[in-house]
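A short write-up of the structure that comes next.
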Amino acid sequence: MKRRWSSLFTSSLLVLSLMVSACSSTPASQSQGEAKPAESKPAEAAKPASTTPADTLFVGITSDQGTLDPAVTFDNSAWKITYPTYQRLVEYDGGTTEVKPGLAKEWKVSEDGLTWTFTLAEGNKFSDGTPVTAEAVKFTFDRTLKIKKGPADVYSVIKEIKVDSPTSVTFVLSKNFPPFLSTLAANYGGIVNPKVMEKEQNGDLGQNFLANNTMGSGPYQLSEWRKGEYLKLTLNPSSSVKPALQNIFFKIIPDATAQRLQLEQGEIDIAEGIPNEQLKALKDLPNVEVLQQPSLFVDYIYVNSSKGNPALQNPKVRQALSYAIDYDALTESVQEGYATQMRGPIPKGLWGYDESAPQYKRDVEKAKALLAEAGATNLTIDLLYSDNKAWWETEALALQAFFSDIGVKLNLKKIAYATSREMIDKGEFDLAMGVWSPDFGDPYMFMNYWFDSVNFGLAGNRAFYKNDKVDELVRKAASINDKAEREKLYKEAQLITIDEAPYLYLYQKDFLLPVSKSVKGFVYNPMLEGIYNLAEMSK
C-alpha cells in the first residue's frame, strides 16, 4: 500500500558521513565497547567464502536505525532488528504469506468474524525469564492503541481484549476484518514484556526505552548498539530455541563499494547496500551468490477510467494500451531485468494469485485493431509522474515509445510529488505512475483497495474504476472468513479487472540480496522484506 518500503538496494546514495564504519574491523574480534576502525584489505582472488566465525553472522547495512519500538516503527530497516527479538501470536510460514502458530498454538474465530480467541503455548519466556502470558498479549495491544502511532491504525478494528486465563486471550472486533489474523504476523504484532512499564518516563509507556532496546521473547535480544557502527544481537537466554548463529552483527557501512569489498573478502556475509547495476559483476565471484525472487512491491499505471480522457472510459482503449507495452523490454531497460511481469492485480507470491489468468503481451496489431473498434483515432493522452522513483523517467519514455507504435501520442507531465498526489486524489489525470506494496499478506490489500468504488483517489482506487459486479465480489470476499471462498471470489474479480484493464499491470520488482555462499538456510518471505529468519540460518 502506502507502505514505507525500506528497500535493501537504494542506499548507494547514502555515501555521506558514516565512512568510519565502512572500514571498521570485525566487531566480533573485540570486546564490547572497544570497536576500533581499521583499514579494509584489498580484495584477493582466492579468499575463502567467509573469514568470520561460524556462529556469527555479519550483515552490512547502510544506515543507523530509528526507534525499535514495535508499537511505533513502520520501518522495515528497524524490523530486521526487532523481528527476531520478539514473538507474535502467529508467524508467516516459511516463504509464504500463509500464517502458522507462533505464541498461539491454536485459535478460533466466531461465525460473525467479530471474536478471535487464541490459546497460548506454554514455555515461552521473555529474555528476563518472565513467562509470556495472555496478560502480556493484552498489555501489548492495549499499549499500541494508547500510543496512537502508525501501527495503531492497523489495529483500530480492535474493540476489546479480554484475558480468559493465563493462556487464553480473546480479541473482540468492531467489525469483521478477515485479514486480522495476517496483521498479527507483522512486526507490530510483537509481544512486549509488560515490565517495560518500569522504564516509563513522563507517561511515554516505555517508548523512550524501547526506541533503543528490546524486551521480547524471540530467540535473540539486542545486546549492544554502537551508533553509527553496528548493532549486535545475542541469544535470548530464556528461549527454548537454540539457533546455530549465536551472534548477529549489523554493521553500518554506508558506502556501496566498501560493502562490496568486505563481502568479496569474507568480512561480511550479507551486503544490503549494493545497487542493481553492480550486482551482475558479483555473480562471477566464486564465494558470492545473488539471491533473486519476485517481491510484492509492484509498479503499475493508473488508467483514469471515469474522470480522465473520455476515450479511456472504453475498455477496448485500455486493453489496447496494455497490448502496446513490451514488458520484457520495459523490465530490462528500467530495472536491469530484475523484475517480473505482473499477470494481474494480485502479484505472484501472495495467495489468491492466479497462474492461469490471462496475461497481456505486446501485440501492436491487436492494439491498433482495438483502437479502431473503439473509434479512438489520433488519440492523445497525458502521463502524470514525479521524481519520487528514480526509474520513472526512463519508464515514462519507454511507454511513450510503445504507445507511439500504435498511434497514440503520450504527453509526459512530470510534476512535484506532493502535487501529483493531490491531482491523483482528485482524478485530475489520464494516466499516472504508481507503486504499491502490501501491509499484510492478504489479497484484500490489492483487490479491495484498488477496485472497490468507495476507495476512489488516494484511498486506493486510483483508476476511479467502477464495476458493480466487482464491487459485489470484493466486498463479499472482505466480509467472510472462509479462505477458499474468499480466494474464489477474488479470482473471479481478477478476471474481470484484467479484461477491463483499469490499470496497466507492469511488473513486480525482484528481491535481490548478495550473500556469501557460506550462508545457509535463509528463506525469503515477501511480507518480511529486509528481515532474516536468523534462528533457522547457519554458516
Side-chain angles (χ1 to χ4, degrees), residues 1 3 5 7-9 76 92-100 179 182 185-186 276 279 290-302 322-323 325-332 334-362 389 391 395 434-451 460 473-474 477 483-484 486-513 522-531 533:
M1 193 170 117
R3 181 144 126 168
W5 201 266
S7 172
L8 301 177
F9 308 106
N76 286 67
Y92 286 115
D93 190 1
T96 75
T97 54
E98 309 279 351
V99 299
K100 65 179 182 178
S182 182
N276 288 9
L279 293 179
V290 179
L291 305 181
Q292 179 179 1
Q293 293 190 47
S295 72
L296 297 183
F297 182 101
V298 305
D299 187 285
Y300 63 123
I301 303 294
Y302 321 136
S322 298
Y323 280 117
I325 298 170
D326 186 333
Y327 297 91
D328 292 338
L330 185 73
T331 58
E332 185 62 38
V334 176
Q335 296 296 342
E336 305 275 339
Y338 294 123
T340 301
Q341 183 190 344
M342 295 175 72
R343 184 170 289 277
I346 297 179
K348 187 174 184 178
L350 181 63
W351 70 267
Y353 170 76
D354 189 353
E355 186 72 51
S356 65
Q359 185 177 42
Y360 287 100
K361 294 292 185 182
R362 180 167 169 88
K389 300 301 176 188
W391 64 86
E395 194 162 278
V435 293
W436 192 271
S437 59
D439 283 347
F440 42 83
D442 194 287
Y444 179 98
M445 287 297 311
F446 290 87
M447 299 304 295
N448 291 80
Y449 279 101
W450 285 17
F451 301 111
L473 290 168
V474 299
K483 183 178 176 182
R486 293 185 69 215
E487 188 163 20
K488 180 181 176 182
L489 293 166
Y490 280 137
K491 284 186 175 181
E492 185 177 349
Q494 280 184 86
L495 293 177
I496 298 172
T497 57
I498 292 171
D499 180 61
E500 296 201 333
Y503 298 93
L504 304 181
Y505 306 110
L506 300 183
Y507 55 83
Q508 304 170 231
K509 288 192 69 177
D510 284 353
F511 164 81
L512 300 162
L513 186 67
F522 169 66
V523 176
Y524 169 67
N525 187 296
M527 289 308 305
L528 303 176
E529 192 82 17
I531 298 172
N533 56 315

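Starting from 1, each residue takes its place in the sequence as its number.
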| Residues that Asp299 engages under salt bridge (Lys or Arg N to Asp or Glu O under 4.0 Å), provided they are two or more places apart | none

| Sub-3.5 Å donor-acceptor pair from the side chain of Asn525 to the main-chain atoms of Thr96, do we have one? | yes

| Does the ring center of Trp450 lie less than 6.0 Å from the ring center of Tyr300? | yes

| note | In this structure, CD of Gln335 is separated from CG of Leu330 (nearest 0.5 Å) by 8.5 Å

| query | Does the gap between the ring centers of Tyr503 and Phe451 come in under 6.0 Å? | reply | yes

| Atom pair OH (Tyr92) and CD (Glu98), whose distance is rounded to the nearest 0.5 Å | 10.5 Å

| said: Is it the case that the side chain of Gln508 and the backbone of Lys348 share a donor-acceptor pair, with hydrogens and angles ignored and the cut-off at 3.5 Å? | reply: yes

| query | Under the 3.5 angstrom rule, does the side chain of Asn448 hit a backbone N or O of Val474 as a donor-acceptor pair? | reply | yes

| Would the number of heavy atoms belonging to other residues, nucleotides or ligands and lying under 6.0 Å from NZ of Lys483 be above 12? | yes

| field | Any donor-acceptor N/O pair, Ser295 side chain to Lys509 backbone, under 3.5 Å | value | yes

| query | So which heavy atom on Glu487 is nearest to which on Gly352, and how close? | reply | OE2-N, 3.2 Å

| field | Considering all heavy atoms, the nearest Ala493-Met447 contact | value | CB-CE, 3.7 Å

| message | What's the separation between atom CZ in Phe446 and atom OH in Tyr353, rounded to the nearest 0.5 Å? | response | 12.5 Å

| said: So, taking the atom named CD1 in Ile346 and the one named CD in Gln494, what distance separates them when rounded to the nearest 0.5 Å? | reply: 3.5 Å

| request: Would you check, one step at a time, whether the test side chain to side chain contact (heavy atoms under 4.5 Å, CB included) holds for Val298 with Tyr505? | output: CA-CA 8 Å; Val298 305; Tyr505 306 110; over 6 Å; no

| remark: Separation between CG (Leu495) and OG (Ser356), nearest 0.5 Å, reads 7.5 Å

| request: Report the C-alpha separation of Thr97 and Phe440 in whole Å, then their side-chain angles, then the decisive distance to 0.1 Å, and conclude whether the side chain to side chain contact (heavy atoms under 4.5 Å, CB included) test is met. | output: CA-CA 8 Å; Thr97 54; Phe440 42 83; over 6 Å; no

| Given the rule in the side chain to side chain contact (heavy atoms under 4.5 Å, CB included) test, do Arg486 and Trp351 qualify, once you have shown the distances and angles that lead to the verdict? | CA-CA 10 Å; Arg486 293 185 69 215; Trp351 70 267; 3.6 Å; yes

| said: Does any part of the side chain of Met445, heavy atoms only, come nearer than 4.5 Å to the side chain of Leu296, both counted from C-beta? | reply: no

| Looking only at atom types and distance, does a side-chain atom of Gln359 sit under 3.5 Å from a main-chain N or O of Met342, one as donor and one as acceptor? | yes

| Between Tyr360 and Ile498, is there a donor-acceptor pair closer than 3.5 Å when you use the side chain of the first and the backbone of the second? | yes

| message | Quick check: closest heavy atoms across Trp391 and Val435, and the distance to 0.1 Å? | response | CZ2-CG1, 4.1 Å

| query | Taking the side chain as C-beta and beyond, is there a heavy-atom pair between Leu291 and Phe522 under 4.5 Å? | reply | yes

| request: Could you grab the distance from atom NZ of Lys488 to atom CG of Leu473, nearest 0.5 Å is fine? | output: 10.5 Å

| said: Is the distance between the ring centroids of Tyr449 and Tyr444 under 6.0 Å? | reply: yes

| message | If we ignore hydrogens and angles and just use 3.5 Å, is the side chain of Ser182 paired with the main-chain N or O of Gly441 as donor and acceptor? | response | yes

